[in-house]
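Below is one structure, written out as structure tokens, with a few remarks after it.
We name chains A, B, ... by the order of the sequence lines, and we start the count at 1 in each one. Keep in mind the model is a prediction, meaning the values are calculated, not measured.
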Amino acid sequence: MSVAEIRYIDKPHPMTGVTNSKLGIWCFLASEVMLFGGLFSAYILLRIGAGSAWPEGSHHLNVPLATLNTLILITSSITMVMSWASLTIKNFASFKKYMSLTIFLGIAFLVVKAFEYGAKFEHHIYPSENTFYAIYFTMTGLHVLHIIGGLIVNLYLLFPGSGMWNKNPDQFMGRIEAAGLYWHFVDLVWIFLFPTLYLL
Amino acid sequence: MGDKSHTLPFWKKYIFSTDHKMIGIQYTVTALCFMMVGLLMMLIMRWQLAYPAQPLPGIGGLFGDGNAPGGIVLPEFYNQLGAMHGTIMIFLGVVPLSVGGFGNYIMPLQIGAPDMAFPKLNMASYWVYFVGGVIMLTSFWVSGGAAQSGWTSYPPLANLASFGQTMWLFGMVFLITSSLLGSINFIVTIIHLRVEGLSFFRLPFFVWSQFVTSFLLLLAFPPLEVASILQLMDRLLQTSFFMPSGLVVTGEALTVSGGGNPLLYQHLFWFLAHPEVYVLILPAFGIITEIIANNIRKPIYGYKTMVYSLVFLGFMSFLVWAHHMYLVGMGTKMSMFFQVTTMIISIPSIILLTSLLLSLWGGSIRFNTPMLFSLAFLPMFAIGGLTGLPLGLAGSDIHLHDTYYVIAHFHYIVAPGTIFALFAGIYFWFPKVTGRTMNELLGKIHFFFSFIFMNGVFMPMFIQGLAGVSRRLWDPTQYAHAVPTQPLNEFIFISACGLGLAQIPFIINFFMSIFAGKKVDHNPWKATTLEWVAASPPPHGNFDTVPVVYRGPYEYSVPELNQDFWPQNQEGKN
Amino acid sequence: MGNTQADYKTHVRTYIIVFAVLAALTMITVGVSYLQLAAVPAIILAILIASVKAGLVMGFFMHLINEKQIITSILILTAIFFVALLMIPVMMSG
């Protein structure tokens, strides 16, 4: 073994059973749990503080659009995991197809969100309106930033980054798996955001 | 991969290096510069406190009429200095030095790794920290000046502050990001890249301390990020996360929606900031444990107990945060919970301190400069820790909260505590980084005068705090109860000047030794841990042959050996 | 995780079933909201359904079901501190 080589990049560590990038991405997701946890904590506090004055989400927010977005994200999670599964059977064309679908669905989510936000801004409803809208825009806005981040990573892996499949397929598969874990996490956040903001 | 360092262009080898050693040096140099800035800011504040409204001698004209007309420090400028001194020392100085500097350079060597698990991420972490630091510093030059609502940035005051506060918040986002990326790197590296034979309970205590610290950074920083985001929303988009209804400022009602809660910020802030103070102390404990073990020539007493205490301490640090908030009007149930957890958390700290003290018994002690700083750490940390007890109990805290007693308490831990440990680490590992030792005489002068003046600066503050003198006061003599202790401020200022001057032998020694220090071999301290196996300085990739570990980290004075230390990687007795 | 065609087909079947369950649970949670339940049961039900959905995503898409102990240990630790974070509003209203 070369002395200057960092181990466990593409092969798992014997004790933990995972590669560096998998352990790393799970650590990152743990920190993200604390990030969105802080926001949920703030939400609960502000809502309890407002008592009965807190608006009903379903009366002020677009539930059908948000339901559509929920289904879009769930589907994109499927296509994301399918893109990884395609690589396990060495079907690169299938990987490209499913990754493109994932990116497309992510963009679709953003488009729907743009309509949602747009409708609010048209009625001059901004985050400053009240604490309900403040936390709504902040939580969904931060979630949108995470979607955009994921899209950038996925685009990189689909286009310039995909060259690694020829040079080091195991490491590339690890990258897709890590990107997938991140994408599923973003889906997870929405799974809790949706009922909290829109339905309760 | 192989050894490509000799073919790397200058900018890739020194500026955008992915080698953990170069990045460690970058963090160290940058952090030391920031700490110098923090020290100078402190001297200006202490002048103002010692001689209220007197013009600063000599340098008074440097700060402009907006900050110090006629050389007299304005209250607004004083507040900026106060807020930024804390911010710079904690986030730009001590943590980057102890984690980014020492952690980066030494930890991979101590586990036998060729580098960190994610070298490019490591490089990114440094540059994001650098950008955050630049944002923080340049905030002094914007209209209204830098952040001036305390390093804690409580709303509503911070919400209403000038643009510098917004820059502080953006700076914090960069610094938090840097910390998060770094902590992921440290955790994966320590778990995965230990060499064969290096089980967790054979790790040097320094590596354990970096490991626990990284978990604190990973899981505690995000709520502060949330607090910063929400405060940015309040400031930039006029939301009311932290603004209660009906707030009136200078006679006019604020045109915000209201309905917010300033205490939400405090909870989110302290949820990080308490673990943050353990981030400040744990690497320091790691450093001095290495140095004490090496200079007593015997194993550390209670290594395993220390490790368990360290892990327990890290865990408990998440559950004590509201002891910074006893005076907000919390009920007795909440207050009791946090008093109990705070008392519990003092136990592991005492175990760590006691183990190190007991280790000295029967040791063959070498009193070199790093050991002097490490030995001094022990009573200094003891004073700092013990004076925390009346603060951790709500009843006595009523009298002491937000007074100089608090300032004395935490500075005893960070200044003659952590910073002494960092000095010790620099003297100790200088030979590994440069292949030369620092001068012992200059080192001892640096130690002696720093020790005296540290106590000169901070001991009187306990007296002031007990007399009720509040912190963050531009001119304490405005209050009758602070007048009797005002002479102490002169004493403190003179001690602070002495402390500043005492750093000069260190600075001279540091630079002089880089070029003309005595050259030494790879293990001048005759130490057991793996970093001393590598050459001084280690080449790219660190080790000529990958080491294998056969024993624990502190096998000193083992009978039947013909030397008084048994390196971890040495296969048999000789 | 095996890499043969047979394993692949099994996994794809799993994903499709999970997708169907997730979609159904989404419609159920929206449907329940129309029932206009009182606050406490509404919250409990919504969080319960969301948790089941989250469990499915974590278990099958993120492969936590066959993941190693190190990952679950980090997640359990995170969960403990997450609960501590959520205690903030509980404490402040008590």
Side-chain angles (χ1 to χ4, degrees), chain A residues 12-13 15-18 22-23 26-27 29-31 33-34 36-38 40-49 56-58 63-64 66-67 70-71 74-75 77-78 80-82 85-91 173 177 180-181 183-185 187-189 191-196 198-200, chain C residues 1-5 7-9 11-12 14-16 18-19 22-23 25-27 29-30 32-34 36 39 42-43 45-47 49-54 56-58 60-64 67-72 74-75 77-79 81-93:
Chain A
H13 187 281
M15 183 187 84
T16 63
V18 296
K22 200 172 207 190
L23 184 57
W26 273 112
C27 285
L29 294 183
S31 81
V33 168
M34 299 304 286
F36 282 97
F40 275 103
S41 193
Y43 168 85
I44 297 173
L45 190 101
L46 292 168
R47 179 156 187 174
I48 293 179
E56 266 216 46
S58 50
V63 172
T67 311
T70 310
L71 294 168
I74 296 174
T75 314
S77 265
I78 302 277
M80 185 78 211
V81 79
M82 285 302 297
S86 307
L87 290 180
T88 63
I89 53 165
K90 311 236 185 304
N91 189 338
M173 225 164 72
E177 195 176 4
L181 285 170
W183 191 258
H184 297 310
F185 177 77
D187 184 19
L188 269 179
V189 170
I191 283 176
F192 283 100
L193 265 189
F194 170 56
T196 306
Y198 292 84
L199 302 179
L200 287 176
Chain C
M1 197 132 290
N3 292 352
T4 64
Q5 277 286 357
D7 295 316
Y8 175 80
K9 283 203 161 68
H11 293 145
V12 172
T14 313
Y15 300 148
I16 294 180
V18 169
F19 170 70
L22 286 172
L25 285 173
T26 306
M27 301 323 292
T29 201
V30 173
V32 163
S33 74
Y34 282 107
Q36 298 282 333
I43 293 172
L45 203 51
I47 300 297
I49 297 176
S51 302
V52 171
K53 291 166 79 177
L56 288 170
V57 171
M58 291 202 296
F60 293 104
F61 292 166
M62 299 169 95
H63 308 127
L64 265 187
E67 204 46 272
K68 307 294 175 158
Q69 200 198 358
I70 180 82
I71 306 293
T72 37
I74 294 177
L75 288 180
L77 187 71
T78 310
F81 297 137
F82 177 78
V83 168
L85 200 51
L86 288 188
M87 286 298 110
I88 291 176
V90 172
M91 285 186 306
M92 285 179 70
S93 53

Heavy-atom side-chain contact between [X] and [Y] under 4.5 Å:
X: T70(A); Y: K53(C); answer: yes
X: P195(A); Y: I49(C); answer: no
X: T88(A); Y: D7(C); answer: no
X: T72(C); Y: W26(A); answer: no
X: S77(A); Y: Y15(C); answer: no

Heavy-atom contact with chain C under 4.5 Å, split by part of [X]:
X: F194(A); result: side chain
X: V33(A); result: both
X: I48(A); result: side chain
X: I191(A); result: both
X: L87(A); result: neither
X: L200(A); result: side chain
X: T75(A); result: both

For [X] and [Y], which heavy atoms make the closest approach, and how far apart are they?
X: S41(A); Y: I88(C); result: OG-CB, 3.8 Å
X: F82(C); Y: M34(A); result: N-SD, 3.9 Å
X: I78(A); Y: F19(C); result: CD1-CB, 3.2 Å
X: V81(A); Y: F61(C); result: CG2-O, 3.9 Å
X: S86(A); Y: Y8(C); result: N-CE1, 4.0 Å
X: T16(A); Y: I70(C); result: CB-CG2, 3.7 Å

Gap between atom [atom2] of [Y] and atom [atom1] of [X] - 0.5 Å precision:
X: I47(C); Y: T196(A); atom1: CD1; atom2: OG1; result: 5.0 Å
X: I74(C); Y: L23(A); atom1: CD1; atom2: CG; result: 5.0 Å
X: Q5(C); Y: I89(A); atom1: CD; atom2: CD1; result: 4.5 Å
X: S33(C); Y: Y198(A); atom1: OG; atom2: OH; result: 13.0 Å

Heavy-atom proximity to chain A below 4.5 Å, by part of [X]:
X: L64(C); result: side chain
X: M87(C); result: neither
X: L75(C); result: side chain
X: I71(C); result: side chain

task: Report the C-alpha separation of E67(C) and K22(A) in whole Å, then their side-chain angles, then the decisive distance to 0.1 Å, and conclude whether the side-chain contact (heavy atoms from CB on, under 4.5 Å) test is met.
output: CA-CA 11 Å; E67(C) 204 46 272; K22(A) 200 172 207 190; 2.8 Å; yes
- request: Step by step, work out the side-chain contact (heavy atoms from CB on, under 4.5 Å) result for H184(A) and F60(C).
  value: CA-CA 10 Å; H184(A) 297 310; F60(C) 293 104; over 6 Å; no
message: Looking at E56(A), I want to see if its CD is surrounded by more than 12 non-hydrogen atoms of other residues, nucleotides or ligands under 6.0 Å.
response: yes
- line: Most heavy-atom pairs under 4.5 Å with chain C, out of A30(A), A42(A), S58(A), belong to A30(A)
Largest heavy-atom contact set with chain C, pairs under 4.5 Å, which of L45(A), L181(A), T67(A), L71(A): L45(A)
message: Would E177(A) and H63(C) count as a side-chain contact (heavy atoms from CB on, under 4.5 Å) here? Give the steps.
response: CA-CA 10 Å; E177(A) 195 176 4; H63(C) 308 127; 3.7 Å; yes
- prompt: For the candidates V57(C), L85(C), V12(C), T26(C), which exhibits the highest count of non-hydrogen atom pairs separated by less than 4.5 Å from chain A?
  reply: L85(C)
